[in-house]
Protein chains: 2
Amino acid sequence: MLSKASKYAISAVIYLTNNSTIDKKLGSKEIAEAIEIPAPFLAKTLQQLTKKGIISSIKGPHGGFYLSEKNTDKTLFDIIDCVDDIEKFNSCYLSQNNCNENNPCVAHHIYAPFKDKLIRKLKTKTIIEMAEEFKQNSNLNNQIFAVLT
Amino acid sequence: MLSKASKYAISAVIYLTNNSTIDKKLGSKEIAEAIEIPAPFLAKTLQQLTKKGIISSIKGPHGGFYLSEKNTDKTLFDIIDCVDDIEKFNSCYLSQNNCNENNPCVAHHIYAPFKDKLIRKLKTKTIIEMAEEFKQNSNLNNQIFAVLT
DNA sequence: TCATAAAAAGATATTTTTATCTTTATATAT
DNA sequence: ATATATAAAGATAAAAATATCTTTTTATGA
Ligand code: FES
Ligand code: FES
């Protein structure tokens with residue numbers, strides 16, 4: 001449902017959260033290698049995230065991407081909205097171009113409540129929280145990044 | 001979420017159900033025009049549906065597409081599975097490549113129940129039923145096919 | 001100041017999806 | 001039988017998404 005760009009973004013931000021500090025910034029190549037995705041494509045995506053203030057970056061030697069104070073409250077919603085446009089979740093699941101109670105598709109009455117819950121969750125789930133869950137999870141399944149396609 | 005091909009297919013099958021009979025078959029151009037979608041692309045999609053027995057067709061003069069006895073029990077699920085591959089609904093909503101309880105993504109616990117309900121609904125909703133709903137609906141909103149993008 | 005490493009920006013290439021065009025096969029009517 | 005209308009099949013084109021490559025900018029360290 002998400003574009004690859006969005007998947008890569010989520011994956012990369014989680015990796016960044018768990019593996020970078022202001023004193024240990026990570027290059028896009030480094031991240032791409034770790035999570036096994038195409039490096040130049042990720043570089044583009046990281047640029048988008050930086051531009052919207054979801055992650056931070058510094059150019060030059062010893063530069064790279066990292067998370068700063070400003071980034072700590074960012075959510076999963078922010079990442080997806082930056083890369084993919086969140087409207088995709090608002091629209092009809094079966095792709096009618098209006099999704100509302102007055103003109104429901106066959107799936108509407110089961111999709112609408114799900115959609116509401118999902119968006120609420122995406123908006124409240126911070127990157128930090130998510131990274132933490134991911135860290136725990138990787139105790140059970142340490143090929144965790146390979147799992148993200 | 002659905003491909004355009006699938007959307008077109010659903011739309012066309014509904015139109016066919018409500019507007020064709022064995023004595024009044026419809027050409028692909030005719031249908032495409034009525035539901036305002038690209039004719040040659042729809043033709044391809046109708047061929048796929050025919051091959052899988054979801055709709056019927058006859059070549060030659062006065063030929064065209066129509067629904068026969070064999071098609072009456074077909075469901076929305078059948079259409080989508082024919083054109084798009086239903087696996088797309090089974091997979092993780094945030095695109096992890098495994099979707100299961102042991103390795104849930106952030107959305108899993110709200111997505112899984114929705115997914116189950118949806119697939120059940122797609123499997124039980126017959127084309128006939130859907131076309132009927134659509135007919136009623138179009139009393140309220142008679143630009144109903146324009147509504148399908 | 002100068003060389004260097006890295007992001008940023010821009011340009012190009014590949015793949016997939018969507019759309020169109022052309023040819024062939026077949027059923028119908030004359 | 002023959003001409004015709006239509007689906008079926010196959011080939012090609014255009015657009016969008018994904019991926020890669022090249023150049024420019026900027027921060028750092030020597
Ligand atoms: S109209 Fe389809 S999900 Fe709302
Ligand atoms: S793991 Fe993502 S929806 Fe199940």
Side-chain angles (χ1 to χ4, degrees), chain A residues 1-12 16 20 22-33 35-68 80 82-85 88 95 148-149, chain B residues 1-13 16 20 22-33 35-68 71 80 82-85 88 95 148-149:
Chain A
M1 314 296 180
L2 294 181
S3 67
K4 288 195 183 183
S6 250
K7 285 187 281 177
Y8 295 166
I10 295 169
S11 197
L16 206 58
S20 80
I22 182 127
D23 298 317
K24 188 186 151 209
K25 306 183 189 73
L26 301 178
S28 57
K29 278 180 225 106
E30 199 174 346
I31 301 169
E33 206 162 296
I35 64 183
E36 294 179 311
I37 63 177
F41 191 71
L42 177 63
K44 284 292 181 194
T45 306
L46 293 176
Q47 281 171 27
Q48 283 183 69
L49 292 169
T50 305
K51 204 183 277 180
K52 287 266 182 70
I54 293 161
I55 60 176
S56 304
S57 75
I58 288 202
K59 289 182 183 182
H62 297 176
F65 298 93
Y66 64 102
L67 292 199
S68 74
I80 295 171
C82 173
V83 177
D84 249 18
D85 182 8
K88 129 192 247 169
S95 306
L148 288 165
T149 49
Chain B
M1 312 301 179
L2 293 182
S3 68
K4 288 195 182 183
S6 249
K7 284 187 281 178
Y8 295 165
I10 295 169
S11 197
V13 169
L16 206 58
S20 79
I22 182 128
D23 298 319
K24 189 186 152 213
K25 306 184 189 74
L26 301 177
S28 58
K29 277 181 224 102
E30 202 173 345
I31 300 169
E33 207 162 292
I35 65 182
E36 294 180 311
I37 63 177
F41 191 70
L42 177 63
K44 285 290 179 194
T45 306
L46 293 177
Q47 283 171 26
Q48 284 182 68
L49 292 169
T50 305
K51 203 182 280 181
K52 287 265 182 72
I54 293 161
I55 61 177
S56 303
S57 75
I58 288 202
K59 290 181 181 181
H62 298 177
F65 297 92
Y66 65 103
L67 291 199
S68 75
N71 313 126
I80 295 171
C82 173
V83 177
D84 249 18
D85 182 8
K88 132 192 245 170
S95 305
L148 288 166
T149 47

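Lettering follows sequence order; numbering is per chain, from 1.
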Taking only heavy atoms on the protein side, list every residue of residues 46-55 of chain B lying under 4.0 Å from any atom of DNA chain C, sorted numerically.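 Close to the strand, none.
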
When you get a sec, tell me which of D:dA7, C:dA7, C:dT28 is the closest nucleotide to the side chain of B:Pro61?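 That would be C:dT28.
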
Determine: side-chain N/O of A:Ser57 to OP1/OP2 of C:dA8, distance under 4.0 Å, yes or no.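 Yes, A:Ser57 has a side-chain N/O under 4.0 Å of OP1/OP2 on C:dA8.
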
Any A:Tyr8 side-chain nitrogen or oxygen under 4.0 Å from OP1 or OP2 of D:dA19: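 Affirmative; the distance criterion is met.
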
Look at all strands and tell whether [X] reaches a base, only sugar-phosphate, or nothing, counting heavy atoms closer than 4.0 Å.
X       : answer
A:Gly60 : base
A:Pro40 : base
A:Leu42 : nothing

Going by side-chain contact (heavy atoms from CB on, under 4.5 Å), B:Thr50 matches just one of B:Ile55, B:Thr45, B:Ile58. Which one?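 Single pass found, and it is B:Ile55.
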
Spacing of [X] atom [atom1] relative to [N] atom [atom2], expressed in whole Å:
X       : N      : atom1 : atom2 : answer
B:Ile37 : C:dT20 : CD1   : P     : 11 Å
A:Lys44 : C:dA7  : NZ    : P     : 13 Å
B:Ile58 : C:dA29 : CD1   : P     : 11 Å
B:Phe41 : D:dA16 : CZ    : P     : 13 Å
B:Glu30 : D:dT6  : CD    : P     : 8 Å
A:Lys29 : C:dA6  : NZ    : P     : 7 Å
A:Lys59 : D:dT28 : NZ    : C1'   : 14 Å
A:Lys4  : D:dA16 : NZ    : P     : 19 Å

As an exercise, state the distance from CZ of A:Phe65 to OG of A:Ser57, rounded to the nearest 0.5 Å.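 Going from CZ on A:Phe65 over to OG on A:Ser57, the span is 5.5 Å.
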
So how far is it from B:Gln48 CD to B:Lys52 NZ, rounded to the nearest 0.5 Å?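 Reported value, rounded in 0.5 Å steps: 7.5 Å.
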
Strictly distance-based, threshold 3.5 Å: is any side-chain N or O of [X] a donor or acceptor partner for the main-chain N or O of [Y]?
X       : Y       : value
B:Asp84 : B:Leu2  : no
B:Ser20 : B:Leu16 : yes
B:Lys25 : B:Ile22 : yes

So B:Ile10 and B:Ile80, do their side chains get closer than 4.5 Å, heavy atoms only?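 In contact.
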
Closest-nucleotide ordering on DNA chain C, the 5'-leading residue of A:Gly27 and B:His62: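 It is A:Gly27, whose closest nucleotide lies nearer the 5' terminus.
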
